[in-house]
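Just so you know, residue 1 is the first one in the sequence shown, and it goes up from there.
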Amino acid sequence: MQIHFLRHATFILKLKRVELLVDPMLSRAGSMDPIGNAASNKRIPMVELPLSAEELTKLLSQISAVLISHRHQDHWDAHAKALLSKDIQIFCQPQDEARIKADGFKNVTLIQSEHIWEGITLHRTGGRHGSGEIGKKMRTVSGFVVTADGEPTLYIAGDTILCPEVTDALQKHKPDVIVVNAGGTRFLTGGPITMTSEDVAGVCRSASSASRIVAVHMEAVNHCVETREDLRGFLEKEKLLDQVLIPSDGDLMEF
């Protein structure tokens with residue numbers, strides 16, 4: 001299994017001779033307005049994709065399907081909608097099916113619980129995109145566990161804080177690789193809406209010591225307040241850094 005990390009929460013998962021594009025935010029740097037009510041007003045994405053336009057076009061021509069955890073613009077943006085073929089297979093949570101079809105995509109499959117495709121099983125998991133009132137406003141998000149014979153079990157936690165739904169998924173599926181959306185994302189009011197450094201440490205402690213955590217979702221969108229260096233320093237103090245990969249944009253990881 002390979003994970004080709006592009007930027008923010010966007011990566012390509014390669015297994016069983018298929019390539020699955022996860023949470024595509026493909027806009028060029030600065031082409032979208034900043035997220036409102038955040039400490040920074042920088043336009044987003046704040047960094048460029050690690051690909052030229054030509055390289056991106058070639059990469060997308062090889063994609064077998066798209067997996068969308070939820071429809072927020074930093075996970076499914078207008079440029080992705082424009083670049084991707086309307087015939088491509090898309091997997092999503094039930095709440096997003098109608099809107100994705102309304103965007104013109106013809107092959108949209110909602111995952112209520114699990115779905116088998118090309119020898120791969122996609123299990124949908126829950127999460128909490130924040131707590132209290134802010135969590136309610138962010139609405140439903142999903143994670144996904146990906147399994148296939150002869151491949152490591154992958155858990156894509158999605159936009160969630162550390163919560164019972166996450167620990168339940170860790171206990172039930174016992175993933176070998178866990179992708180977490182870090183960055184301690186937050187607005188000027190309310191608590192974090194993605195994992196803080198403390199949450200990532202909690203995932204390390206809740207998961208098997210043999211599992212590898214891949215921490216993404218940092219330094220690309222203006223309401224993500226914790227940097228890679230912040231996370232690295234915290235995990236080093238907690239003696240957990242050996243369990244966590246913090247990839248740079250464009251990194252290729254094999255498991």
Test: Glu118 and Lys16 ion pair at under 4.0 Å = no
message = How close do Gln89 and Ser64 get, counting heavy atoms only, and between which atoms?
response = CB-O, 4.1 Å
request  = Take atom CZ of Arg28 as the centre, draw a 6.0 Å sphere, and report whether it contains more than 12 heavy atoms from other residues, nucleotides or ligands.
outcome  = yes
message = For the OG1 atom of Thr153 and the NE2 atom of His173, what is their distance to the nearest 0.5 Å?
response = 9.0 Å
query = So Leu241 and Lys239, side chain to side chain contact (heavy atoms under 4.5 Å, CB included) or not? Walk me through it.
reply = CA-CA 6 Å; Leu241 188 56; Lys239 300 185 180 352; over 6 Å; no
request  = Please work out which of the three classes, parallel, tilted or perpendicular, describes the rings of His129 and His70, given edges at 30° and 60°.
outcome  = perpendicular
inquiry  = Donor-acceptor pair, distance only, cut-off 3.5 Å: does the side chain of Ser206 make one with the backbone of Val203?
reply    = no
request  = Evaluate the side-chain proximity of Tyr155 to Val177: yes if any heavy-atom separation is below 4.5 Å, no if none is.
outcome  = no
key: Contact summary for Ser27 and Asp77, nearest pair of heavy atoms   = OG-OD2, 2.7 Å
task = Give the minimum heavy-atom separation between Met46 and Asn222, together with the two atoms involved.
result = SD-CA, 3.9 Å
Hydrophobic cluster (4.5 angstrom, side-chain heavy atoms) - remaining members for Ile90 = Leu6, Ile12, Leu21, Leu26, Leu49, Leu51, Leu56, Leu59, Leu60, Ile63, Val66, Ile68, Trp76, Leu83, Leu84, Ile88, Ile100, Phe105, Val108
remark   = What one should report as the nearest heavy-atom pair of Ile178 and Ser211 is CD1-OG, 3.9 Å
inquiry  = Using modelled atom types and a 3.5 Å cut-off, is there a donor and acceptor pairing between side-chain atoms of Ser248 and backbone atoms of Asp251?
reply    = no
message = Would you say that Arg205 contacts Glu238 through its side chain, given a criterion of any heavy-atom pair below 4.5 Å between the two side chains?
response = yes
query = Which value, rounded to the nearest 0.5 Å, describes the distance between Asp176 atom CG and Ser208 atom OG?
reply = 8.0 Å
ask   = Hey, are the side chains of Ile111 and His123 touching, using non-hydrogen atoms and a 4.5 Å cut-off?
value = no
request  = For Asp159 and His72, test the side chains for any donor-to-acceptor distance below 3.5 angstrom and give the result as yes or no.
outcome  = no
task = Report yes or no: does Ser142 contribute a side-chain atom to a donor-acceptor pair with the main-chain N or O of Gln93 at less than 3.5 Å?
result = no
task = Give the C-alpha distance, both sets of side-chain angles, the deciding distance and a yes or no for side chain to side chain contact (heavy atoms under 4.5 Å, CB included) between Gln2 and Phe11.
result = CA-CA 10 Å; Gln2 290 184 340; Phe11 65 91; over 6 Å; no
ask   = With a 4.5 Å limit on heavy-atom distance, are the side chains of Leu154 and Met1 in contact?
value = yes
query = Is it true that a side-chain atom of Lys136 and a backbone atom of Glu133 form a donor plus acceptor pair closer than 3.5 Å?
reply = no
key: Check ion pair Asp33-Arg43 (N to O, under 4.0 angstrom)   = yes
message = Between Thr160 and Arg128 (side chain of the first, backbone of the second, donor and acceptor by atom type, cut-off under 3.5 Å), is there such a pair?
response = yes
Minimum side-chain heavy-atom gap Thr194-Ile161 below 4.5 Å = no
Common cluster, Val244/Val179, ILVMFWY with side-chain heavy-atom separation under 4.5 Å = no
ask   = Can you find a heavy atom in the side chain of Phe5 that is under 4.5 Å from one in the side chain of Val216?
value = yes
message = I'd like to check the side chain to side chain donor-acceptor pair (under 3.5 Å) partners of Asp23; sequence neighbours left out, ordered by chain and number.
response = Ser69, His75
request  = Heavy atoms only: give me the nearest Glu165-Gly127 pair and the separation to one decimal.
outcome  = CB-N, 3.8 Å
Working for side chain to side chain contact (heavy atoms under 4.5 Å, CB included), residues Thr125 and Phe144 = CA-CA 5 Å; Thr125 63; Phe144 293 91; 5.8 Å; no
query = With a 4.5 Å limit on heavy-atom distance, are the side chains of Phe91 and His115 in contact?
reply = yes
message = Please report the interatomic distance CE(Met253) to NE2(His4), rounded to the nearest 0.5 Å.
response = 9.0 Å
Expected list for residues 224-235: side-chain donor-acceptor pairs under 3.5 angstrom, two or more places apart:
from, atom 1, to, atom 2, distance (Å)
Glu226, OE1, Ser197, N, 2.9
Glu226, OE1, Ser197, OG, 2.7
Thr227, OG1, Glu229, N, 3.3
Thr227, OG1, Asp230, N, 3.0
Thr227, OG1, Asp230, OD2, 3.2
Arg228, NE, Pro247, O, 3.0
Arg228, NH1, Glu219, OE1, 3.0
Arg228, NH2, Pro247, O, 3.3
Arg228, NH2, Asp249, OD1, 2.8
Glu229, OE1, Arg232, NH1, 3.2
Asp230, OD2, Thr227, N, 3.0

query = So, the side chain of Thr57 versus the backbone of Ala53: is there a donor-acceptor pair under 3.5 Å, distance only?
reply = yes
Spacing of CG belonging to Asn107 relative to OG belonging to Ser85, to within rounding of 0.5 Å = 8.5 Å
message = I want to check something: taking the side chain as every heavy atom from C-beta on, are Glu97 and Cys92 in contact at a cut-off of under 4.5 Å?
response = yes
ask   = Would you say the side-chain atoms of Thr185 pair up with the backbone N or O of Ile193, donor to acceptor, closer than 3.5 Å?
value = no
key: Under 3.5 Å donor-acceptor, His217 side chain and Ala182 backbone   = yes
query = Taking atom SG of Cys204 and atom CZ of Arg212, what is their separation to the nearest 0.5 Å?
reply = 10.0 Å
note = Correct closest heavy-atom pair for Ile35 and Gln73 would be CD1-NE2, 3.4 Å
message = Same cluster or not: Val166 versus Val200, using hydrophobic residues (I, L, V, M, F, W, Y) connected whenever any side-chain heavy atoms lie under 4.5 Å apart?
response = yes
note = d(Thr140 OG1, Asp96 CG) to nearest 0.5 Å is 8.5 Å
request  = State whether the side chain of Arg186 and the backbone N or O of His223 hold a donor-acceptor pair below 3.5 Å, judged by distance alone.
outcome  = no
inquiry  = Membership question, hydrophobic clusters at under 4.5 Å side-chain separation (ILVMFWY): are Leu122 and Val145 in the same one?
reply    = no
message = Closer than 4.0 angstrom, basic N to acidic O: yes or no for Glu114 and Arg124?
response = no
ask   = Applying the 4.5 Å side-chain criterion to the ILVMFWY set and letting contacts propagate, would Val214 and Val22 be lumped into a single cluster?
value = yes
inquiry  = Please say yes or no: joined through hydrophobic side-chain contacts below 4.5 Å, possibly via intermediate residues, are Val141 and Val180 part of one cluster?
reply    = no
request  = State whether the number of non-hydrogen atoms from other residues, nucleotides or ligands found under 6.0 Å of Asp149 atom CG is greater than 12.
outcome  = no
ask   = Going through the distances and angles, do Leu252 and Ile3 end up as a side chain to side chain contact (heavy atoms under 4.5 Å, CB included)?
value = CA-CA 6 Å; Leu252 180 65; Ile3 291 176; over 6 Å; no
